[in-house]
Structure formats: C-alpha cells, structure tokens
There are 2 protein chains.
Amino acid sequence: MTPHPTVFIVDDDAAVLKSLARLLRSARLDVLAFGSPQEFLERHDPRAPGCLVLDLAMPGLNGLELQAALMAKGSTIPIIFLTGHGDIPTSVQAMKRGALDFLTKPVKDDDLLQSVKAAIEQDRTARQARAELDDIQARLATLTQREREVLIHVVSGQLNKETAAELGTVEKTIKVHRARVMEKMKVDSVVELVRLTERAGIGGK
Amino acid sequence: MTPHPTVFIVDDDAAVLKSLARLLRSARLDVLAFGSPQEFLERHDPRAPGCLVLDLAMPGLNGLELQAALMAKGSTIPIIFLTGHGDIPTSVQAMKRGALDFLTKPVKDDDLLQSVKAAIEQDRTARQARAELDDIQARLATLTQREREVLIHVVSGQLNKETAAELGTVEKTIKVHRARVMEKMKVDSVVELVRLTERAGIGGK
DNA sequence: CCCCGTATTGGACTAAAGTCCAATATCCGT
DNA sequence: ACGGATATTGGACTTTAGTCCAATACGGGG
C-alpha cells in the first residue's frame, strides 16, 4: 500500500554519501543516495514518503536553493541539513524556511538517526493529513456549481429560505440541492459537513 | 485599551543594552531594558504585549534557560536571540524551541528592526487569537454540567432523541438544555456552535 | 424553613428540514 | 435531434428543532 519511507541523501562527497548510507541502512532504513542536488531535483517523486538529508555546501545548487526549489515544486518533504562549514545566519535561515533540523559535521550517529526518525514521523502525519484533505477535495469536486453555492450558505448557518432568496430561487429547490450536497460529501449531519468544510478552508465566517 | 507593545531587552552588557535601546527607541518603539535574566523573569508580566530581545550568553541564566523558564511560566512572548559567540547547535536548538529569530552581533540595525517588527506583529495576532479563545472559554464556563454534556452531543451531530437516550432523559428536556446552551454560548445556529467548540478543542469526533 | 439555581417534564404549536414521487426546462456533446 | 447532467419546482407528509407557559423536584445557603 503505502510505500516504505525512504531517506534521501544528497551530498557531493562520495565518501560521505557512502558512509551516511551505511549508517542509515544499518538502522533498517531505506536509503537513496544522490551525488548532486540537480540529480535529486530531477528524479525525486514528491509523492514518495520519507525525508531528505541534505549537505549544505554543494556545487551548482546549494542546500538552501534546493530547499527553495523543492518548496516551489510543492514538495513538503522534511529536510535535515548537514554541514561542515555552515554559519549561524544560514542555519537560522534554513530553520525559518521549515527545515526540520540543521546538524553539523561530524555528526553523531545517534543525533542523525534521531533526527531522521522524527522527520519520517512528521512526514507520515503530514501525508496522512494531506490525504484526508485530498479526500475532502475530491468530494467537493463532485459538486456542481449550484451545489457548491448552496454548500457555502449551509455552512454559513443560513436557513434554506434565506439561501433561496439570495440565490434567487425557492426553498424547495435549496432542499434538493442540499440533500445532494449531503449525499455527495458523504455526511449525514450538518455538523459533519461543517467540520469537513472547515478543514478544507471553506465557509469560515 | 490594549497597552502599547514593548520591546524588552535583556543583556548583561550595559553598553550594548543602552545602544540597543537607543536604536529601538529611534524607531518609535517602547523599550524596557534589563541587565540580567533573573530580573526580567521576576518582573515581567506575561500579559504585557511585545517581544523580547535576548542576549544568549549571560551569567546565571543563559538565553536558552530563560526561554525555557518563560515557556514554563506560560509566557508566549516572541523571542529574538542576539549573540556574539553562539554556535549552530545552539541557534538550531533555540529556533526549534520557538525562537522567532537568532541574530549575531554585530547586528545590522535594519535586521534587528525588521525582526522586532515581525515579532511584535506575531505577538499581536497570537494575543488576538488567545483573546478569542478566552472569550469562548468564558462562555463555556457559564454552562452547567448538564448543559455541557448536551453541548458535546449536539456538536457530535446527534439528534435530540439520541442524546436523550444516552443521558437517560427525554427529548423535551434536551431541547430545553440545548436552547440554554445556544443562549449562553451566544450563537444562533448550530453551525456557529460547532465552529466555536472546534476552536476550543471540544467535540472533535 | 424559604429562595435560587439546576434538572426535568408536559402541552401546544410554529418553523425548519428532510423524504418520495414526479415533472419541466436548459445546455452540451455525440 | 436524442440522451444525460443540471437546475427547478410542486405536492404531500414525516421528523426534528425551537418557542412559550407552566409545574415539579432537589440541594444548598442564608
């Protein structure tokens, strides 16, 4: 079902790459190593679960740039920076942009493993939340334009008669749309409907 | 009404303290300077809006310890660290624990001002959110035990008859409680009630 | 012992929502 | 032009929820 989480490693130093891969594999983790950020950026599938262990200083694209590029591509993979010559402003920058951790070489095996585990866990919960959201969106997508309008009014707490007036139709019609909305959204109470739409950012106030 | 936001500065170096205070005051900010973390910890009122500019290395309590102490006290004041001799692990640690920024001395005036402004703004929105939550909690506090139970069932999407059965009473009684709940919570639709309780972490699923 | 807050219940309706069955009226694409 | 999706509306009820007025019951406090 859900593929195994993978630890992606990007480092231009082949020796480091190999050593990191060995450490992680010894902890029963699936590892995929990349020798350059470009390679990772091109080949990485954002749908793959896991986390990224990223060297900061690399030729071509540095770590922060790769982080930005991934963000731009919509990837939300948790990133753990690893660097030998970083400075404070860079680390702070990385953390502010959402990096999960920022470790310095030489890194203690246990520190890295701990961080990787936390990253994988966070990716897992983020993906789960995302999946639920996608599910809601999928249901929303089955609604017709009119049904969507009615939905908005319903989760705004309006009465059918009010909705009817605002949409230029009669209460009876609204009831029909409303029933279809409940059915398509797979809920059996307005309360559930409110919770769903709330998560999807609809209706608010 | 809402008091002016204040920038609290804590630094054991009197010269730095004075210079920072002057810079911030020149930007029309209210400033309160403290020469030691203990002093700040004792005298700071968590209700005061603003942010904290904190030197990392200080005798007695260092910056991170003060951060922890404030957190333990329930203070959510945004913290901007300022340090001359910090290292990456410390900065990362501070950021992970919620620091808003971590700057290095000598700091560019503009960097600090920018950060302080962001911190004040974040404090403002956090306080606003908190105030709304407190308001909801206050209303919840006016409910009787029974009314609270009914509330839970209502925002779970149950019918009055179901609630009645589970609470060992009749539908009529539930209606009365329910009406009182709506009145005390100051809402006029179940939809609003769901949104309120959602924010207060009640009912979920 | 009486008053107040709380919990309950009845009666009598009004309002709102939901359910079935059925019937038009468009618009769109094959 | 025909079939399907979409939007609308009616009629006829059944369920739920909400509203008013009233009344009983219980536990504390004053």
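Numbered from 1 within each chain, the chains take letters A, B, ... in sequence-line order.
- Both Lys172(B) and Val170(A) lie near DNA chain D, and the one whose nearest nucleotide falls closer to the 5' end is Val170(A).
- Taking atom CG of Asp188(B) as the reference point, atom P of dA15(C) lies 18 Å away to the nearest angstrom.
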TODO: Apply salt bridge (Lys or Arg N to Asp or Glu O under 4.0 Å) to Asp45(B) and Arg47(B), showing your working.
DONE: CA-CA 5 Å; Asp45(B) 176 358; Arg47(B) 290 166 309 179; 2.9 Å; yes
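- Around atom CZ of Arg148(A), more than 12 heavy atoms belonging to other residues, nucleotides or ligands sit under 6.0 Å away.
- Place Thr142(B) and Glu171(A) on DNA chain C by their nearest nucleotides, and Thr142(B) ends up nearer the 5' end.
- Gln158(B) places its CD atom 17 Å from the C1' atom of dT15(D), with the value rounded to the nearest Å.
- No option in Thr6(B), Asp109(B), Val7(B) other than Val7(B) meets the side chain to side chain contact (heavy atoms under 4.5 Å, CB included) test with Leu24(B).
- Between the CD atom of Glu183(B) and the C1' atom of dA17(D) there is a distance of 17 Å, given to the nearest Å.
- OP1 or OP2 of dA17(D) has at least one side-chain nitrogen or oxygen of Asn160(B) nearer than 4.0 Å.
- Per the geometry, NE2 belonging to His177(B) stands 15 Å off C1' belonging to dG18(D), to the nearest Å.
- Using cut-offs of 30° and 60° on the angle between ring planes, the pair Phe8(B) and Phe34(B) is tilted.
- Within the 4.0 Å cut-off from OP1 or OP2 of dT16(D), not a single side-chain nitrogen or oxygen of Lys175(B) is found.
- Between Glu147(A) and Val150(A) the shortest side-chain heavy-atom distance does not fall below 4.5 Å.
- Closest to the side chain of Arg146(B), from the set dT8(C), dG11(D), dA17(D), is dT8(C).
- Comparing atom distances between the Leu159(A) side chain and each of dA16(C), dG18(C), dT16(D) picks out dA16(C) as nearest.
- Residues Lys184(A) and Val176(A) both approach DNA chain D. Their nearest nucleotides, taken by heavy-atom distance, put Lys184(A) toward the 5′ side.
- Here the C1' atom of nucleotide dT19(C) and the CZ atom of Arg178(A) are 14 Å apart, to the nearest Å.
- Checking the phosphate oxygens (OP1, OP2) of dA7(D), a side-chain nitrogen or oxygen of Thr144(A) falls inside 4.0 Å.
- Look at CZ on Arg180(B): it is 13 Å from C1' on dT19(D), rounded to the nearest Å.
- Atom CD1 in Ile174(A) sits roughly 16 Å away from atom P in dT19(C) (whole-Å rounding).
- One interatomic measurement links the two molecules: CD of Glu162(A) to P of dA15(C), which rounds to 15 Å at whole-angstrom precision.
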